[in-house]
Protein chains: 2
Amino acid sequence: MARMIDVAEKAGVSIKTVSRVLNNEPHVKDALRERVRAAAEDVGYVPSSPARALRSRRSYAIHMISHSHRSAYVNAIQFGAVQTCQERGYQLMVSLMEDLRDMPEADLVARFERLVEASKPDGLILVPPLSNDERLYHVLERFDVPVARVGPNNLPDARIIVKINERAAARELTAHLIALGHSRIAFVRGKEDQNATHERFAGYKEALDQSGLVLDETLVHPGDFGFSTGLKAGDALFALADRPTAVFAANDDMAAGVLMAAHRLRLDVPGDVSVVGFDDSEIAEKMWPALTTVRQPLLAMGNEATRQLIDAATQSDPALSGAPNEYLDYEIIHRDSTGPVRQS
Amino acid sequence: MARMIDVAEKAGVSIKTVSRVLNNEPHVKDALRERVRAAAEDVGYVPSSPARALRSRRSYAIHMISHSHRSAYVNAIQFGAVQTCQERGYQLMVSLMEDLRDMPEADLVARFERLVEASKPDGLILVPPLSNDERLYHVLERFDVPVARVGPNNLPDARIIVKINERAAARELTAHLIALGHSRIAFVRGKEDQNATHERFAGYKEALDQSGLVLDETLVHPGDFGFSTGLKAGDALFALADRPTAVFAANDDMAAGVLMAAHRLRLDVPGDVSVVGFDDSEIAEKMWPALTTVRQPLLAMGNEATRQLIDAATQSDPALSGAPNEYLDYEIIHRDSTGPVRQS
DNA sequence: TCAGCAATTGACAACGCTGTCAACGGCGCG
DNA sequence: CGCGCCGTTGACAGCGTTGTCAATTGCTGA
């Protein structure tokens, strides 16, 4: 309701001075600065973001794009993103993007053109599997918008990446199982087009190698990160004559499926079989038994992605931005689904 | 990049005509309309939303505000909201709001002033517990912005409400337990400041009354909708000399806690005790045993809230809008956590 | 004391769009 | 045949802000 001119009149200055004060620009005497601030407070001034965006070509908005598949993982990242946006006076907008593989290149470009051109976000946040999509990567190269990618990533020269060392985490978690005496450790893979599947599997394999164990291909099962494929994998694995004593599911949802398969067969967890997951999503501690898993600092990842985007947008010099893309810390969460292998 | 004037030049018309065509306004000959559309397509025109918003005072954005506590419930509603926004060419922005009770009235007003004035959303979506907050209700009355509230609601004359009949659902679910032979049915309450707690409890009580059962206050336990209070309630209830044979937790997360308490005591579910929840959140089918619960059409609720807001913003005549606030359909989902009472 | 320069302040245009209103042309009707 | 009306189209202003640049002020140093 109140506009800049109202503040200007109240303070007895020009509207440009008000603009300067409210944007913390230099070249205003401190006394005047104070007077203007007081006036703004007085009339309850709130800047109009459309006007600002139109004139300054900065929208003070970050746009997060996720695959059209709900997940606690994405939810947590988004939550972190909103937090940081709010702290810094930014807005978070969210969009869904259906499966990219079914979309012709031209549509994809058009889609992003609309998205980027229309609302001119100051930054884009991409989450898996979008964050590691090669076509999308190339399409976005054409647009002049900073992009932050969350999750494991193997794209060339992608600027802002926020991730943990999934391979090391998987290695560590597998090593833990081995230390408990397990040698027949099954693995349930996730979606094959997601980098997480490969990183986590690689870590699993490295741990086996380091302990001199051989990878038994019959213990590796496909999956899609969904509960039902975990269930299916569990059914298959537990039907094996020589049952695994531990199962590493590439994420928590599939671990829940494995647990259910175990329960149905009246197998004791962790007595008969240990189960671990990955992500420490919300359900991990709510399962029976509570799941040993790898905690990803998803909130912090959302925070960090947003922070870096805002910094990039704020600093005029792009060379300044970019705290190097180091790994965030993960943590192995020990709960009740793992135990020493049973002496038989 | 391409502006309206570029389209206008390409089509050999004035920019106002282009505006008319792209906004589907009348008073343009069909032939010309086609020519303009083709030109727009040709130059890859994308309207600038800041400019539109500035001039027309419509932002084509919906703002969803949620409590700063992540939940699958809110996530699902938001998902529905984005879907509909995207279909209708709107943007969804999300905000967090910390606990209102700790906030002085003045701060609350200021907060919303900033939010509503700055980005001028075409509508606000409120989810529990915000959607039933009385102070917030009064604050929002002052602003000229349509508000949609999701979830059970007892505020006076609140315009757009999207909900299911929680009381009837709770009654039906309880009746189901009674039909299975249960008579000692415990209830775990949620947060006391949320309407859902009271509606669900009321339904539970009505079912007992209708079957001539008396409500045993020792079987009613407090909670806060969180897993850990469910666990605590379960511990307490199962320690009772005369244990309940069924537990109705006011939401799924608490039901998961009750289940864990049962498992720890080596109680068989549903053999020794039946457990039900409410919401059919994502974890319901992933628990052991899979949870019997009430499905809320959360996606549809998000869709509906958004649809009504957009309709209200689109139609100039406010009387036209507002399909009356009827209940959306719920569904009792029968899974494996309920069974007949054991003959002893 | 006064030129010269930096610090401060303001006037004005412009961002890209839509609302208002005027101009134009064709057509029905007297 | 001419008047007036309606359906089309366009010129122009203005939404609220920031960028550019000029004007003013205050201060330093010769």
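Chain A is the first sequence line, chain B the second, and so forth, proteins listed ahead of strands; every chain is numbered from 1. Predicted model only: the values in this text are computed from it and were never measured.
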- Item | Nearest-Å distance for atom pair CG/C1', residues L54(A) and dG19(D) | 13 Å

- Checking all strands, does P26(B) fall into the base, sugar-phosphate, or nothing category for heavy-atom contacts under 4.0 angstrom? nothing

- Message: Using only modelled atom types and a 3.5 angstrom limit, is any donor from either the side chain of K16(A) or the base of dG19(D) paired with an acceptor on the other?
- Response: yes

- Query: Any side-chain donor paired with an acceptor under 3.5 Å for Q308(A) and E304(A)?
  - Reply: yes

- E134(A), CD: over 12 other non-hydrogen atoms inside 6.0 angstrom: no

- Quick one: E117(B) CD to dT17(D) C1', roughly how many Å, whole number? 16 Å

- Side-chain donor/acceptor contact of R55(A) with base of dT17(D) under 3.5 Å: no

- Scanning both residues in full, the closest heavy-atom pair of R52(A) with P47(A) reads CD-CB, 3.9 Å

- Item | Value in whole Å for how far the P atom of dG16(C) lies from CD of E9(B) | 13 Å

- Message: With hydrogens left out and only the distance checked, is there a donor-acceptor pair under 3.5 Å joining R20(B)'s side chain and the base of dG10(D)?
- Response: yes

- Within the pair R57(B) and dG16(D), is there a side-chain N or O less than 4.0 Å away from OP1 or OP2? yes

- Query: OP1, OP2 of dC15(D) versus side-chain N and O of R52(B): anything below 4.0 Å?
  - Reply: no

- Atom-pair distance (OH on Y45(A); C1' on dT17(D)), nearest Å: 7 Å

- Message: Under 4.0 Å, counting only non-hydrogen atoms across every strand here, what does P50(A) touch: a base, just sugar-phosphate, or nothing?
- Response: nothing

- Contact under 4.0 Å: S56(B) side-chain N or O vs dT18(C) OP1/OP2: no

- Item | dT18(D) OP1/OP2 closer than 4.0 Å to side-chain N/O of S19(A) | yes

- Could you check how far CG of D6(B) sits from P of dG16(C), rounded to whole Å? 9 Å

- Member of E113(A), R135(A), H138(A) meeting the side-chain contact (heavy atoms from CB on, under 4.5 Å) criterion with L108(A): R135(A)

- Task: Take atom NE2 of H27(A) and atom P of dA23(D), then tell me their distance rounded to the nearest Å.
- Result: 18 Å

- Phosphate OP1/OP2 of dG10(C): any T17(A) side-chain N/O under 4.0 Å: yes

- Nearest-Å distance, CD1 (I15(B)) to P (dG14(D))? 16 Å

- In whole angstrom, give the distance that lies between atom OH of Y60(A) and atom C1' of dT17(D). 11 Å

- Message: Is there a side-chain contact between R88(B) and Y60(B) in this structure, where contact means two heavy atoms from C-beta onward sitting under 4.5 Å apart?
- Response: no

